[in-house]
Amino acid sequence: MKDLLGLEKMTRAQIERILETTRPMKALFTRSIKKVPVLRGKTVALLFFEPSTRTRSSFELAAKRLSADTLNIAVATSSVTKGESLLDTAKTLEAMKVDFMVLRHSSSGAPDLVAPEVKARVINAGDGTHEHPTQGLLDMFTILEKKDRVDGLRIVIVGDVLHSRVARSNLWGLTKLGAQVTVCGPATLIPPGIREVFGKKVQVSFNLEEALRGADVINVLRLQRERQEGNYLPSLREYTELYGLNQNRLRLAKPDCLVLHPGPMNRGVEISSEVADGPRSMILEQVTNGIAVRMAVLYMFSGPNGFTLDPSEIEKENNAIEPALRDIA
Ligand code: CP
């Protein structure tokens, strides 16, 4: 696999391999010496056509902690503003011999368009309403770290599922790992074909109180007002009344239920500050884990054949990363 375009295209074994590799990466960057030379000489270009705080900066930190060089393309001041196409921009970076293109774009499918045209590994950092695979991976890693499993957990994804690439990557990843997922939100914000795509692996609920009973994890989605062209909601106040996660609703879930949110949050709309800053909130832990997951992704896709589950390649990878970890222990 040359590129990371989405979790839909990955197998359970591939997802688990990335999550296994994330553990030593986290151990590495939470120590006092945070850098290893495993990607020395590689260049990671960050090409963000949409705003980002978490994803862009954590890819940059992840690349730097593996000793890669980073190239930030400021789209607002690049030749894109003169009408250069996405493909021409990608081919220009290819001519500069970058090894990775981390791409965020408002159009669903933009990374799929670029990937076959370049030798560089293309990593989808969020495309339109399609997928955000590294967010899905970091959400799963956060759950795994706290619960030791994903298989069999009751996970509720609540909010603007229709416009959410985070929800799509979570749905593909979590169902592959065996979670029981419920999506919940107003009917206008639930994708119409969701039952056809996921069958019995995903339940749909329009009643948050019902959906939360017995939940192990709640993933609260941002209400994406910038992607909502139609009138999906009568009012924000009604949305908060019916679907906002507050302390009273959280009590319906299991006592050790985790609360996730990909950020950025609309405090007081989809989540109350009390919950966002409370003891069950994993929101800042997710940010930390985002660096570790992205280190694992960059590392695992950097091999000559891209990401592989070939046992001899895995052994080579382990032989490269383990001494680096021992050196700083
Ligand atoms: N979760 C997420 O994608 O955040 P950013 O838009 O800040 O990257």
Side-chain angles (χ1 to χ4, degrees), residues 4-8 18-19 22 26 44-65 70-76 100-111 122-143 145 155 157-174 189 217-228 245 258-267 269-271 275-277 281-298:
L4 176 54
L5 302 175
L7 299 189
E8 179 182 358
I18 294 177
L19 298 176
T22 301
K26 184 165 179 184
V44 178
L46 303 164
L47 197 51
F48 278 64
F49 287 80
E50 269 192 346
S52 166
T53 299
R54 282 147 282 267
T55 313
R56 199 197 55 70
S57 49
S58 62
F59 264 114
E60 183 167 359
L61 279 174
K64 287 183 164 152
R65 281 170 187 173
T70 55
L71 179 63
N72 263 294
I73 308 298
V75 171
F100 285 91
M101 292 183 201
V102 177
L103 176 63
R104 169 169 289 191
H105 204 282
S106 56
S107 297
S108 301
V122 175
I123 309 293
N124 181 1
D127 62 325
T129 58
H130 174 225
E131 279 224 40
H132 191 350
T134 55
Q135 180 71 45
L137 289 166
L138 78 88
D139 291 345
M140 285 188 278
F141 180 77
T142 306
I143 295 168
E145 227 190 359
I155 301 180
I157 300 176
V158 56
D160 185 358
V161 182
L162 184 69
H163 297 99
S164 176
R165 52 199 179 204
V166 174
R168 274 172 193 73
S169 288
N170 265 271
L171 282 165
W172 286 116
L174 291 169
L189 293 179
V217 179
I218 309 165
N219 199 341
V220 184
L221 303 173
R222 182 171 72 86
L223 193 61
Q224 301 200 27
R225 281 176 277 180
E226 76 277 18
R227 290 193 215 281
Q228 295 182 4
L245 184 64
L258 308 176
V259 176
L260 275 60
H261 189 302
M265 284 182 277
N266 298 301
R267 282 176 183 263
V269 179
E270 71 261 3
I271 190 166
V275 174
D277 303 327
S281 170
M282 294 293 116
I283 295 168
L284 294 177
E285 196 65 31
Q286 285 171 272
V287 175
T288 305
N289 290 340
I291 302 176
V293 158
R294 287 163 183 137
M295 286 168 78
V297 164
L298 291 174

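Start at 1 and go down the list; that is how both ligands and their atoms are numbered. Everything numeric in this text was worked out from a predicted model, so none of it was measured.
Residue, atom and distance of the protein heavy atom nearest to atom 1 (N) of ligand 1 are Pro262 O, 2.8 Å. Atom 4 (O) of ligand 1 has its closest protein heavy atom at Arg54 NE, 3.1 Å. Nearest protein heavy-atom contact of atom 6 (O) of ligand 1 is Arg104 NH1, 2.9 Å. Among protein heavy atoms, atom 2 (C) of ligand 1 sits closest to Thr55 OG1, 3.5 Å.
Near Thr53, with a cut-off below 4.0 Å to any heavy atom, the atoms of ligand 1 are 5 (P), 7 (O), 8 (O). Near Gly263, meaning under 4.0 Å from one of its heavy atoms, ligand 1 places the atoms 1 (N), 2 (C), 4 (O).
Taking 4.0 Å as the cut-off between side-chain N and carboxylate O, Arg168 and Glu8 do not count as a salt-bridged pair. Under 4.0 Å is where a charged nitrogen must lie from a carboxylate oxygen, and between Lys26 and Glu285 at least one such pair does.
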Practice task
Begin with the C-alpha distance, continue with both residues' side-chain angles, and end with the deciding distance and a verdict on salt bridge (Lys or Arg N to Asp or Glu O under 4.0 Å) for Arg294 and Glu60.
Solution key: CA-CA 9 Å; Arg294 287 163 183 137; Glu60 183 167 359; over 6 Å; no

Exercise for the section: Please lay out, stage by stage, how Asp139 and Gln286 fare under the test side-chain hydrogen bond (donor to acceptor under 3.5 Å, both in side chains). Expected result: CA-CA 7 Å; Asp139 291 345; Gln286 285 171 272; 2.8 Å; yes

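At a 4.0 Å cut-off, not a single heavy atom of Gly126 sits close enough to ligand 1 to count as contact.
Seen from the ring of Phe48, Arg104 does not count as a face-on cation partner, given the 6.0 Å and 45° thresholds.
For ligand 1, one of its N or O atoms has an N or O atom of Gln135 under 3.5 Å away.
Scanning all heavy atoms of the two residues, the minimum distance from His130 to Gly109 falls at ND1-N, 4.3 Å.
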